[in-house]
There are 2 protein chains.
Amino acid sequence: MAGESERTEKMITALRKAGIRVTRQRIALLGVLADADDHPDAAELHNRAKRVEPTVSLATVYRTLSALEEEGVVHRHSFEGGGARFETTHEEHHDHILDVETGQVIEFQSDKIEQLQDEIARELGYEVVHHRLELYCRKKR
Amino acid sequence: MAGESERTEKMITALRKAGIRVTRQRIALLGVLADADDHPDAAELHNRAKRVEPTVSLATVYRTLSALEEEGVVHRHSFEGGGARFETTHEEHHDHILDVETGQVIEFQSDKIEQLQDEIARELGYEVVHHRLELYCRKKR
DNA sequence: AATGCATATGAGAACTATTCACAACTGTAA
DNA sequence: TTACAGTTGTGAATAGTTCTCATATGCATT
């Protein structure tokens, strides 16, 4: 229990509260997740975690990510092309712009769009459980 | 060349113009696509097409769908859970509501949301190439 | 510190959706 | 009718993810 970041501590607490055991492998993955400010996929998280704790297997990465997702600590995104990518849940909800040339991911947030979505659903007799909004973009020159 | 629907004829013309051969298997698939008003996946399209032309293979279904997609005749969607689902391109662009309980797909269209998307992208120095907007909803009671 | 046991682990098999390779077949233009 | 490039079905290959199972380990209880 040495120098875990505050963010990591928070995740550990979340796990313990959910009755999920805090193992070496999970601590490694949590640290890596807390440090990531991109949106890495499972293989990339596995690589990063192995540097901290060489015994983590890819299966454990997937298992832990699924558990964290269920606890609401992590979000899973399935952007076009390639596999799922992950990010730690942070305060405000947001959607994503994907640079189709570089693959870069940019976050944005629009209350107006969210409102319009709710309105549209309501008019059709539905309520929005969750949504997915991705803008595949090219840099303007 | 007997009773193909108008819609199917249109697709056949599109194929011929693109130099893509019009085979028995493709005619079967085109007919099935023209008739579908749901959003079937490749396996389902394969099943339906086999009733018309038993020799169609799943590989040909995928190959033809990709060709049609390239010609802009068909759209491919990757909704949450399960594989890609397809629909024939019709006049106006639209997005989708997915009933999380029944799996039903409902189409909707909002100029306002489209506009806001463009605005957001523009402010960040991007232009939208294409987007994906899906509302996962539950029926209100 | 030692114990007990439910949970987690790594390795590799299994699964799902999709694409590929290849030899045989077939539209289509001449 | 011919000729050949495009298309076919089959089965193997791929990619991403989940599962199985025997072993290992966190942690609540002593």
Side-chain angles (χ1 to χ4, degrees), chain A residues 1 4 8 11-30 32 39-47 49-71 73-86 103, chain B residues 1 4 11-30 32 39-47 49-71 74-86 103:
Chain A
M1 310 282 147
E4 262 91 42
T8 311
M11 292 174 117
I12 291 179
T13 310
L15 286 196
R16 262 197 238 278
K17 196 155 48 186
I20 294 172
R21 287 188 186 165
V22 179
T23 63
R24 265 174 297 124
Q25 290 85 343
R26 283 176 175 164
I27 291 174
L29 180 58
L30 294 179
V32 159
H39 294 67
D41 64 10
E44 177 59 25
L45 288 168
H46 183 212
N47 284 331
K50 273 193 293 193
R51 278 178 230 136
V52 180
E53 171 53 63
T55 72
V56 229
S57 70
L58 184 54
T60 287
V61 170
Y62 274 112
R63 279 187 290 235
T64 305
L65 285 170
S66 294
L68 293 172
E69 194 189 6
E70 233 154 275
E71 293 314 312
V73 177
V74 153
H75 278 149
R76 176 193 304 248
H77 302 292
S78 298
F79 302 133
E80 282 180 6
R85 300 171 66 169
F86 302 85
Chain B
M1 313 295 138
E4 260 90 43
M11 292 174 117
I12 292 179
T13 310
L15 286 195
R16 263 198 238 279
K17 195 153 53 187
I20 294 172
R21 286 188 187 164
V22 179
T23 63
R24 267 175 296 125
Q25 291 84 347
R26 284 178 174 160
I27 291 175
L29 180 58
L30 294 178
V32 159
H39 293 67
D41 63 9
E44 176 59 26
L45 288 168
H46 182 213
N47 283 333
K50 272 193 295 193
R51 278 178 229 138
V52 180
E53 170 53 64
T55 72
V56 227
S57 70
L58 184 54
T60 287
V61 170
Y62 274 112
R63 278 186 292 233
T64 303
L65 286 170
S66 294
L68 293 172
E69 192 189 8
E70 234 154 274
E71 293 314 312
V74 153
H75 278 150
R76 176 192 305 248
H77 302 292
S78 298
F79 302 132
E80 282 180 6
R85 299 171 65 169
F86 302 84

Just jot down the salt bridge (Lys or Arg N to Asp or Glu O under 4.0 Å) partners of B/Arg24, sequence neighbours excluded, or say none.
B/Glu53
So, using salt bridge (Lys or Arg N to Asp or Glu O under 4.0 Å) as the criterion, who are the partners of A/Glu44 when residues are at least two apart?
A/Arg48
Pick out the pairs of N or O atoms, protein on one side and nucleotides 13-15 of chain C on the other, that lie under 3.5 Å.
none

Over how many whole Å does the gap from [X] atom [atom1] to [N] atom [atom2] extend?
{"X": "B/His46", "N": "D/dT10", "atom1": "NE2", "atom2": "P", "answer": "9 Å"}
{"X": "A/Ile12", "N": "C/dA8", "atom1": "CD1", "atom2": "P", "answer": "15 Å"}
{"X": "A/Leu15", "N": "D/dT25", "atom1": "CG", "atom2": "P", "answer": "19 Å"}
{"X": "A/Glu44", "N": "D/dA15", "atom1": "CD", "atom2": "C1'", "answer": "17 Å"}
{"X": "B/His77", "N": "C/dT18", "atom1": "NE2", "atom2": "P", "answer": "14 Å"}

For C/dT9, does OP1 or OP2 lie under 4.0 Å from any side-chain N or O of A/Arg26?
yes
If we only count heavy atoms from C-beta on, is the [X] to [Y] side-chain gap below 4.5 Å?
{"X": "A/His77", "Y": "A/His75", "result": "yes"}
{"X": "A/Gln25", "Y": "A/Val61", "result": "no"}
{"X": "A/Asp41", "Y": "A/Phe86", "result": "no"}
{"X": "A/Ile12", "Y": "A/Arg26", "result": "no"}

Range-with-range stems of DNA chain D (Watson-Crick or G-U pairs under 3.5 Å, three or more in a row)
C:1-30 with D:1-30
What's the verdict on side chain to side chain contact (heavy atoms under 4.5 Å, CB included) for A/Leu68 and A/Leu30, showing C-alpha distance, side-chain angles and the deciding distance?
CA-CA 9 Å; A/Leu68 293 172; A/Leu30 294 179; 3.7 Å; yes
Any donor-acceptor pair under 3.5 Å linking the side-chain atoms of A/Ser66 with those of A/Arg63?
no
Could you pull out the protein-nucleic contacts involving nucleotides 16-19 of chain D (nitrogen or oxygen on both sides, under 3.5 Å)?
unit_1, atom_1, unit_2, atom_2, d
D/dT17, OP1, A/Ala84, N, 2.8
D/dT17, OP2, A/Tyr62, OH, 2.4
D/dT17, O5', A/Tyr62, OH, 3.3

Could you run down the sub-3.5 Å N/O contacts of the protein with nucleotides 25-30 of chain C?
unit_1, atom_1, unit_2, atom_2, d
C/dG27, N2, B/Arg21, NH2, 3.0
C/dT28, OP1, B/Arg16, NH1, 3.1
C/dT28, OP1, B/Val22, N, 3.2

Dump the intermediate steps for side chain to side chain contact (heavy atoms under 4.5 Å, CB included) on A/Val56 and A/Leu29, then the final yes or no.
CA-CA 8 Å; A/Val56 229; A/Leu29 180 58; 5.6 Å; no
Please check if the number of heavy atoms outside A/Glu70 that lie under 6.0 Å from its CD is greater than 12.
no
Could you go step by step and tell me if B/Leu15 and B/Arg21 meet the side chain to side chain contact (heavy atoms under 4.5 Å, CB included) rule?
CA-CA 7 Å; B/Leu15 286 195; B/Arg21 286 188 187 164; over 6 Å; no
